[in-house]
Asks: 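Would you mind keeping the following structure in view while I ask a few things?
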Amino acid sequence: GTAKKPTISSVVTASGSTLSTSDYTVTYENNINAGTATVVVSGKGNFAGSTGSVEYTISKRPITLTAGSASKEYDGTPLVSGVVTLTSGSLASGHTRTATTAGSQTAAGSSANIVASYNIYNGDVDVTSNYAVTTVNGTLTVIATNYSVNGKYYTTLADAYAAITE
């Protein structure tokens, strides 16, 4: 991400005097990634040699990743969906994500399609730890077919009969 620099509204000495911005400099430490950062105020001129610091928290960015849902009629082959969608929140500018799913349904019925893994990158740097990621399962559903004619499946007897008489 980018450096998080909270605004300094005023600097007050131990004796209660408010300093002019020309009397101090401000630096920041550990202020890019989620966690604890520090702002350091260093005196200048008559206040040279005096320093003070305050810690602040950079929160993780919340996002939600949702595994894809899919359905099909039974054909004897596994139903899978590798789709993962960002459904809530957003990535910081310039960040990209990768994600995989784990789920498969062959027989008639339904099962979960889960977000199996994910990573978020800033260029080549993994910044996943700067995000609070919630995952949501998708659903894979195979619909039962009751009639098979010459390797094709039909959901109604009328359709199967029509295929036989063609």
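Just so you know, residue 1 is the first one in the sequence shown, and it goes up from there.
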Asks: Is there a side-chain contact between Leu140 and Ser81 (heavy atoms, below 4.5 Å)?
Replies: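 Yes - at least one pair of side-chain heavy atoms lies under 4.5 Å apart.
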
Asks: Looking only at the side chains, is there a donor atom on one of Thr100 and Ser117 sitting less than 3.5 Å from an acceptor on the other?
Replies: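 Distance-only check passes for Thr100 and Ser117.
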
Asks: Do other residues, nucleotides or ligands put more than 12 heavy atoms under 6.0 Å from the NZ atom of Lys5?
Replies: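 It does not: Lys5 NZ has 12 such atoms or fewer within range.
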
Asks: Test side-chain contact (heavy atoms from CB on, under 4.5 Å) on Asn46 and Asp23; report intermediate values, then the result.
Replies: CA-CA 8 Å; Asn46 291 337; Asp23 291 329; over 6 Å; no

Asks: Would Val41 and Tyr56 show up in the same hydrophobic cluster when neighbours are defined by side-chain heavy atoms closer than 4.5 Å?
Replies: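 In one cluster with Val41: Tyr56, yes.
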
Asks: Are any of the side-chain heavy atoms of Val84 and Thr101 separated by less than 4.5 Å?
Replies: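 Side-chain contact under 4.5 Å: yes.
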
Asks: Take Arg61 and Asn130 through the side-chain contact (heavy atoms from CB on, under 4.5 Å) test and state the conclusion after the steps.
Replies: CA-CA 6 Å; Arg61 188 179 195 124; Asn130 288 324; over 6 Å; no

Asks: Any heavy-atom pair between the side chains of Tyr131 and Arg97 that's under 4.5 Å?
Replies: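 Sidechains of Tyr131 and Arg97: no contact.
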
Asks: State, with a plain yes or no, whether a side-chain heavy atom of Leu19 is found less than 4.5 Å away from one of Thr13.
Replies: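 Leu19 vs Thr13: side chains touch.
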
Asks: Can you see whether Thr36 engages Glu55 through a side-chain donor-acceptor pair at a distance of less than 3.5 angstrom?
Replies: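 Short answer, no.
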
Asks: Going by atom types alone, do Ser20 and Ser22 pair a side-chain donor with an acceptor below 3.5 Å?
Replies: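 Yes, side-chain donor-acceptor contact under 3.5 Å.
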
Asks: Test of understanding: clusters of I, L, V, M, F, W, Y form through side-chain heavy atoms closer than 4.5 Å, transitively. Do Ile8 and Ile58 belong to the same one?
Replies: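 Yes; Ile58 is reachable from Ile8 via cluster members.
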
Asks: Can you find a heavy atom in the side chain of Ile120 that is under 4.5 Å from one in the side chain of Ile63?
Replies: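 Side chain of Ile120 against side chain of Ile63, heavy atoms only: contact under 4.5 Å found.
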
Asks: Would Leu65 and Leu86 count as a side-chain contact (heavy atoms from CB on, under 4.5 Å) here? Give the steps.
Replies: CA-CA 5 Å; Leu65 298 175; Leu86 178 63; 3.9 Å; yes

Asks: Indicate yes or no: at least one non-hydrogen side-chain atom of Leu79 is less than 4.5 angstrom from one of Thr106.
Replies: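 When only atoms from C-beta onward are counted, Thr106 and Leu79 do not touch, as no gap falls below 4.5 Å.
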
